[in-house]
Amino acid sequence: SKKMAEIEAHFQQLGFKIAREPNLHWGRADLGITKNSTIPLFVEVGTTSIFKLLINLKSLKNTKILLVPNDSKLIEFEI
């Protein structure tokens, strides 16, 4: 999607490594973003399953999950 491409380009300009559809504990994220010793960031653009989110929030450690439901909202979880 256009929004995912914009997010990917933003983090690439900052020197982050981008993985498309990386595996999570349950399912896949839209983007995985990492850089050296920073906490991994997984991005979900648009809709996502609340079940998938809950399972991953309970299972993952030292991780951030960024939900981008639309152009005007961001929701970040740090676990």
Side-chain angles (χ1 to χ4, degrees):
S1 75
K2 180 182 175 190
K3 180 54 63 184
M4 192 164 28
E6 290 172 355
I7 294 168
E8 186 174 352
H10 169 76
F11 282 101
Q12 281 179 333
Q13 288 177 343
L14 296 174
F16 286 82
K17 293 180 184 174
I18 310 295
R20 291 186 179 172
E21 296 192 9
N23 288 321
L24 298 173
H25 179 77
W26 184 275
R28 294 176 178 262
D30 290 323
L31 296 171
I33 300 170
T34 57
K35 183 177 183 181
N36 300 329
S37 61
T38 62
I39 295 174
L41 172 66
F42 295 103
V43 180
E44 291 282 355
V45 178
T47 60
T48 189
S49 160
I50 192 71
F51 177 78
K52 174 181 153 181
L53 177 62
L54 180 62
I55 295 294
N56 286 315
L57 287 172
K58 291 179 119 186
S59 304
L60 298 171
K61 302 290 182 219
N62 298 321
T63 303
K64 290 183 181 182
I65 297 177
L66 181 65
L67 304 178
V68 185
N70 57 46
D71 288 342
S72 64
K73 301 213 177 2
L74 296 173
I75 305 165
E76 181 181 63
F77 298 93
E78 186 170 342
I79 41 181

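The side-chain heavy atoms of Arg20 and Glu8, taken from C-beta on, include a pair separated by under 4.5 Å.
Through direct or relayed side-chain contacts under 4.5 Å between Ile, Leu, Val, Met, Phe, Trp and Tyr, Leu24 connects to Phe42, Ile50, Leu53, Leu57, Leu60, Ile65, Leu67, Ile75, Phe77, Ile79. Cluster partners of Val68 are Met4, Ile7, Phe11, Leu14, Phe16, Ile18, Leu31, Ile33, Leu41, Val43, Val45, Leu66, Leu74, counting Ile, Leu, Val, Met, Phe, Trp and Tyr whose side-chain heavy atoms approach within less than 4.5 Å, directly or via other members.
Partners of Asn36 by side chain to side chain donor-acceptor pair (under 3.5 Å), not counting sequence neighbours: none found. Applying the side chain to side chain donor-acceptor pair (under 3.5 Å) rule to Arg28 yields no partners; only residues at least two apart in sequence or on another chain are considered. Residues forming a side chain to side chain donor-acceptor pair (under 3.5 Å) with Gln12 (at least two apart in sequence, or on another chain): none. Every side chain to side chain contact (heavy atoms under 4.5 Å, CB included) that Lys2 has, sequence neighbours left out, goes to Glu6.
Rounded to the nearest 0.5 angstrom, Leu54 CG and Lys52 NZ are separated by 13.0 Å.
Nearest approach of His25 to Ser59, heavy atoms of both residues: CD2-OG, 3.1 Å.
The 12-atom threshold is not exceeded at NZ of Lys17, counting heavy atoms of other residues, nucleotides or ligands nearer than 6.0 Å. Counting non-hydrogen atoms of neighbouring residues, nucleotides and ligands closer than 6.0 angstrom, the CG atom of Asn62 reaches no more than 12 such neighbours.
With hydrogens and angles disregarded, no donor-acceptor distance shorter than 3.5 Å links the side chain of Thr38 to the backbone of Thr34.
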